[in-house]
Asks: 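I'd like to ask you about the structure that follows.
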Amino acid sequence: MGFASIIDVLGSIAIGGFLMLTLFRMNSASAENTYHYTGELTVQESMVSIVKLLEYDFRKIGYCEDPTKLTPSKAITYADTSDITFLYDVDFDGDVDVVRYYLGPASDLTETPNPDDRMLYRSVNGNSVAANLGVTRFYITYYGYVVGTPLDVPITAAPTGILSMQIDIRVENTAAFGDEYRYAYWRQVRLSSRNLYNR
């Protein structure tokens, strides 16, 4: 075997190694992009699920199939920044139901890598259902008769004087690629139930 053959073999090994290294880097970048796009899709789907349920329930505050059973001005019984309890006829059967939304503590959710995600609870007549959809913020600001001035919380006595509210929700991935969590943010400005005006 001549000197030229050895140079050819070494050159082939070097070029092959360079091509393999390039392929590995492309594979890693492709996996990272796939994870990010999938994470963004999951976050968006989680946000849509939460918002649909919240908007539906919050717009029904104070509604009852039998209007003699519920006074709309007393439909919100407790209000805090991440905890609200209100009344409405969930099943449209003429019976008043107690609905509560609240954000659980960090200790309720320790099995996910994201240190900021919390369980969002929805309770109907004391039966709670928890959803871990990556919620990291659930914050409600309440407004009354004075335009632009938020009410002080917590509000514990009905009637509360709440006419509208601003809801802020942030959803993040429950796991990240590296240190980067994908997120979506939603704000409903001045959401109000038309039943609260029926006094």
Asks: Quick one: does Ile76's side chain get under 4.5 Å of Tyr142's, heavy atoms only?
Replies: no
Asks: I need the Asn114 CG to Thr112 OG1 distance, nearest 0.5 Å.
Replies: 6.0 Å
Asks: Could you point out which residue of Val51, Ile50, Asp57 forms a side-chain contact (heavy atoms from CB on, under 4.5 Å) with Leu53?
Replies: Asp57
Asks: With clusters defined by side-chain heavy atoms of hydrophobic residues (ILVMFWY) lying less than 4.5 Å apart, directly or transitively, does Val98 cluster with Tyr102?
Replies: no
Asks: Heavy-atom distance under 4.5 Å between the side chains of Ile169 and Leu54, does that happen here?
Replies: yes
Asks: Same cluster or not: are Leu87 and Ile84 linked, directly or through other Ile, Leu, Val, Met, Phe, Trp or Tyr residues, by side-chain heavy atoms under 4.5 angstrom apart?
Replies: no
Asks: Of all residues at least two apart in sequence or in a different chain, which pass the side-chain hydrogen bond (donor to acceptor under 3.5 Å, both in side chains) check with Tyr183?
Replies: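 Here no residue qualifies.
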Asks: Closest heavy-atom contact between Arg118 and Pro105?
Replies: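 Distance-wise, the nearest heavy atoms are CD-C, 3.7 Å.
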Asks: Please list, one pair per line, the donor and acceptor atoms closer than 3.5 Å that link side chains of residues 148-156 to other protein atoms, with sequence neighbours excluded.
Replies:
none

Asks: Is any side-chain heavy atom of Tyr139 less than 4.5 Å from a side-chain heavy atom of Leu103?
Replies: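 With C-beta onward as the side chain, the pair stays apart.
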Asks: Are Tyr181 and Thr136 packed together at the side-chain level, in the sense that at least one heavy-atom pair is separated by less than 4.5 angstrom?
Replies: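 No. Closest side-chain heavy atoms not under 4.5 Å.
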Asks: Answer yes when Arg170 and Asp116 have at least one side-chain N-carboxylate O distance shorter than 4.0 Å, and no when they do not.
Replies: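 Salt bridge between Arg170 and Asp116, a charged N being under 4.0 Å from a carboxylate O: no.
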Asks: Flag yes if Val96 and Phe58 sit in one hydrophobic cluster, no otherwise; membership is Ile, Leu, Val, Met, Phe, Trp, Tyr, and two members link when side-chain heavy atoms are under 4.5 Å apart.
Replies: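 No, no single cluster joins them.
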Asks: Does atom CZ of Phe92 have more than 12 heavy-atom neighbours from other groups under 6.0 Å away?
Replies: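 Yes, enclosed.
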Asks: Measure the spacing between CD of Glu40 and CD of Glu45 and express it to the nearest 0.5 Å.
Replies: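 It is 12.0 Å, given to the nearest 0.5 Å.
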Asks: Distance check, rounded to the nearest 0.5 Å: Thr141 atom OG1 versus Met165 atom CE?
Replies: 10.5 Å
Asks: Search all heavy atoms of Glu65 against all heavy atoms of Gly94 and return the closest pair with its distance.
Replies: CB-N, 3.6 Å
Asks: Tyr56 and Lys60: which non-hydrogen atoms are nearest, and at how many Å?
Replies: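 The answer is O-CG, 3.1 Å.
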Asks: Mind listing the closest non-hydrogen atom pair of Val171 and Ser46 along with its distance?
Replies: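 That would be CG1-CB, 4.0 Å.
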Asks: Which pair of heavy atoms, one from Val43 and one from Arg182, lies closest together, and at what distance?
Replies: CG2-O, 3.6 Å
Asks: Would you please classify the geometry between the Tyr101 ring and the Phe86 ring as parallel, tilted or perpendicular, with 30° and 60° separating the classes?
Replies: parallel
Asks: Knowing that exactly one of Asn173, Val135, Asn132, Leu133 qualifies, which makes a side-chain contact (heavy atoms from CB on, under 4.5 Å) with Asp117?
Replies: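 The single option meeting the side-chain contact (heavy atoms from CB on, under 4.5 Å) with Asp117 is Asn132.
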Asks: Side-chain contact, heavy-atom cut-off 4.5 Å: Tyr143 with Ser192?
Replies: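 No, their side chains stay 4.5 Å or more apart.
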Asks: If I compare all heavy atoms of Ser82 with all of Phe138, which pair ends up nearest, and what's the gap?
Replies: OG-O, 2.6 Å
Asks: For the rings on Tyr88 and Tyr63, is their centre-to-centre separation under 6.0 Å?
Replies: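 No - the distance between ring centres of Tyr88 and Tyr63 does not fall below the 6.0 Å cut-off.
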Asks: By the salt bridge (Lys or Arg N to Asp or Glu O under 4.0 Å) test, which pairs, at least two apart or in different chains, include something from residues 97-114?
Replies: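 Applying salt bridge (Lys or Arg N to Asp or Glu O under 4.0 Å) to every pair that reaches into residues 97-114, excluding sequence neighbours, yields Asp83-Arg100.
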